[in-house]
Asks: 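Here it is, the structure in full.
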Amino acid sequence: MKQTVLLVIALAVLWITLSGHFAPLLIAFGIGSIAFVTWIANRMHVIDGESYPFGLVARLPGYWLWLVKEIVKSSIDTTRRVFGGADAVKPVVFEAPASQQTDLGLVIHANSITLTPGTVSLELKPHTISVHALHPDVARDALEGGMDKAVPEPRKATDHSPGEPG
Amino acid sequence: MGILEIAAYVLVFTGAFFCLVGAIGVLRFPDVYSRMHSAGITDTIGALLILLGLALLAGWTLALAKLVFILVFLWMTSPTATHALAKAAKHGGVYPKLADDLAGDVAATTTTETPSSKA
Amino acid sequence: MLVGAALAILAVMGLVLIRALKGPTVYDRILAVNMFGTKTVLLLALMAFISGRHDVLDIALAYALINFIGVVAVLRFFEYDSEEALSAEIGEEDPDGNS
């Protein structure tokens, strides 16, 4: 029930931000759309902590700042490789450790790897992500970058490996 | 011209520069997988800087919220599309060219395609 | 001023079209078309500010979503294009010699 209320609030905020009009007719359309979407989501049984991870929202801004910093760094590096000679591009495939317990955490991790220029995640395997990197140096930087630790994860995770704070 | 406006134009033009770099990379890099990195530059930092610059021009209006939405949608969809592409390419039998078997290849690419990248 | 940036984005779209025409694989073309789409979104956002009509941003937003869905749909179509890949997928996991 709590998830449904949060979904309705999020949809209402989205509608108001995108429309910006308060005429009765448009507000009525908005209420109709929100009711329709909530009904469909309910019918599909996708209203749960995983589909709408509102618990994660508080930790996202900090993570995004960190991610933007990484993206800027690796973009500049990749730019150099675009204009570099034959040595600049030596693609490698490596396995990056992924300690995330939930699907959502893994998806955020894999997508973050792809968002950072120079690395593209190819395949999710148990406990690792197969990553294509532009150069062995890029792969080394990515492994030392500590992305695995930085990825936010919904608190649903059942068991953490020892020595890793929740 | 206020300082905010100057900052906005600097951001937009830096973003456009990174987009050009990404496009040149897409032309120069040797295979699909390495081209994805180059496309990634335009999708991430290019979009970020251009939209950030426009956000400075927009000020505190609804346009700002829409720019933020565009950025969030782009950043959520672009890695998903890239991953789908990588998966499809792998299933389609196109495997990444790795450093070892690329030694001759890169030299060939850079010599034949340098004119287009200098243009 | 912003017109200059819009022209740069147009140049990017032109360069990307070269890749779309050259291929060589269908995935190169899809990559190029996807990039063309995201650049269209950026161009629309710039156009909104050049013309001063901020409603154009709504079109950019809708285009971002449609472009994504279009690319994923095309990729689903090409994913099992070759029968060899399909049988490899059904029979056994693809050869790990590449990784």
Side-chain angles (χ1 to χ4, degrees), chain A residues 13-21 60 64 67-94 106-124 129-139 142, chain B residues 17-18 21-31 33-34 36-46 48-49 52 61-66 68-69 72 75-83 85-87 89-90 95-100 102-111 114 117:
Chain A
V13 169
L14 182 69
W15 178 276
I16 293 293
T17 335
L18 287 183
S19 98
H21 291 283
L60 279 180
W64 279 342
L67 190 61
V68 166
K69 194 192 78 201
E70 292 295 308
I71 286 174
V72 170
K73 269 198 303 193
S74 53
S75 291
I76 293 169
D77 180 68
T78 312
T79 300
R80 274 205 214 100
R81 294 186 191 284
V82 167
F83 295 111
D87 290 341
V89 181
K90 283 198 166 80
V92 287
V93 173
F94 69 99
L106 279 173
V107 167
I108 294 177
H109 189 180
N111 276 8
S112 305
I113 288 176
T114 309
L115 270 178
T116 350
T119 47
V120 166
S121 51
L122 295 177
E123 197 179 347
L124 282 174
I129 299 175
S130 172
V131 181
H132 182 275
L134 209 46
H135 194 276
D137 292 349
V138 177
Chain B
F17 166 74
F18 274 112
V21 168
I24 292 167
V26 165
L27 286 179
R28 279 195 73 185
F29 280 172
D31 71 334
Y33 294 91
S34 40
M36 285 174 200
H37 303 300
S38 191
I41 299 183
T42 68
D43 282 353
T44 56
I45 199 164
L48 172 74
L49 291 178
L52 211 60
T61 56
L62 270 186
L64 174 69
K66 283 174 191 167
V68 171
F69 275 126
V72 170
W75 276 28
M76 273 164 65
T77 56
S78 117
T80 314
T82 307
H83 180 74
L85 182 66
K87 193 164 153 257
K90 212 174 161 200
Y95 296 111
K97 291 182 184 175
L98 299 183
D100 308 328
L102 206 68
D105 226 286
V106 167
T109 323
T110 41
T111 47
T114 310
S117 63

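Naming convention: chains lettered A, B, ... in sequence-line order (proteins, then strands); numbering from 1 in each chain.
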Asks: Measure the CZ-OG distance between A/Arg81 and B/Ser38 for me, rounded to the nearest 0.5 Å.
Replies: 13.0 Å
Asks: For B/Leu48, is it the side chain, the backbone, both or neither that has a heavy atom under 4.5 Å from a heavy atom of chain A?
Replies: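 The answer is the side chain of B/Leu48.
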Asks: Which value, rounded to the nearest 0.5 Å, describes the distance between B/Lys87 atom NZ and A/Leu122 atom CG?
Replies: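 Rounded to the nearest 0.5 Å, the NZ-CG separation comes out at 12.5 Å.
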Asks: Go through A/Thr114, A/Leu134, A/Leu18, A/Ile71 and name the one with the most non-hydrogen pairs under 4.5 angstrom from chain B.
Replies: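 Going by pairs under 4.5 Å, I would pick A/Leu134.
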Asks: Name all residues meeting the side chain to side chain contact (heavy atoms under 4.5 Å, CB included) criterion together with A/Thr119; count only those two or more places apart in sequence or in a different chain, and write none if there are none.
Replies: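 Checked A/Thr119 against side chain to side chain contact (heavy atoms under 4.5 Å, CB included); matches are A/Ile113, A/Thr116, A/Val131, A/Ala133, A/Val138, A/Ala142.
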Asks: Quick one, B/Lys90 and A/Glu123 - any side-chain contact, counting heavy atoms below 4.5 Å?
Replies: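 Side chain of B/Lys90 against side chain of A/Glu123, heavy atoms only: contact under 4.5 Å found.
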Asks: Check whether any side-chain heavy atom of A/Val68 lies under 4.5 Å from a side-chain heavy atom of B/Trp75, and answer yes or no.
Replies: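 Counting from C-beta outward, A/Val68 and B/Trp75 do come under 4.5 Å.
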Asks: Any idea which heavy atoms bring B/Ile41 and A/Ser75 closest together, and the distance?
Replies: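 Reported closest heavy-atom pair: CD1-O, 4.4 Å.
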Asks: If you count heavy-atom pairs within less than 4.5 Å of chain A, which of B/Leu85, B/Leu49, B/Ile45 leads?
Replies: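 Most heavy-atom pairs within the cutoff with chain A belong to B/Ile45.
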Asks: Supply the atom-to-atom distance A/Leu14 CG to B/Phe69 CZ, rounded to the nearest 0.5 angstrom.
Replies: 4.5 Å
Asks: So how far is it from B/Leu62 CG to A/His21 NE2, rounded to the nearest 0.5 Å?
Replies: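 It comes to 8.5 Å.
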Asks: Which answer fits B/Tyr33, side chain, backbone, both or neither, if we ask what part of it has an atom under 4.5 Å from a heavy atom of chain A?
Replies: both
Asks: Provide the closest heavy-atom pair for A/Leu115 versus B/Ser78 in the form atom of the first, atom of the second, distance.
Replies: CD2-OG, 4.3 Å
Asks: Taking all non-hydrogen atoms of both residues, which atom of B/Ala65 and which atom of A/Thr17 are closest, and how far apart?
Replies: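 Heavy atoms only, the tightest pair is CB-CG2, 3.3 Å.
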Asks: Can you name the closest pair of heavy atoms from B/His37 and A/Pro117 and give their distance?
Replies: O-CB, 4.1 Å
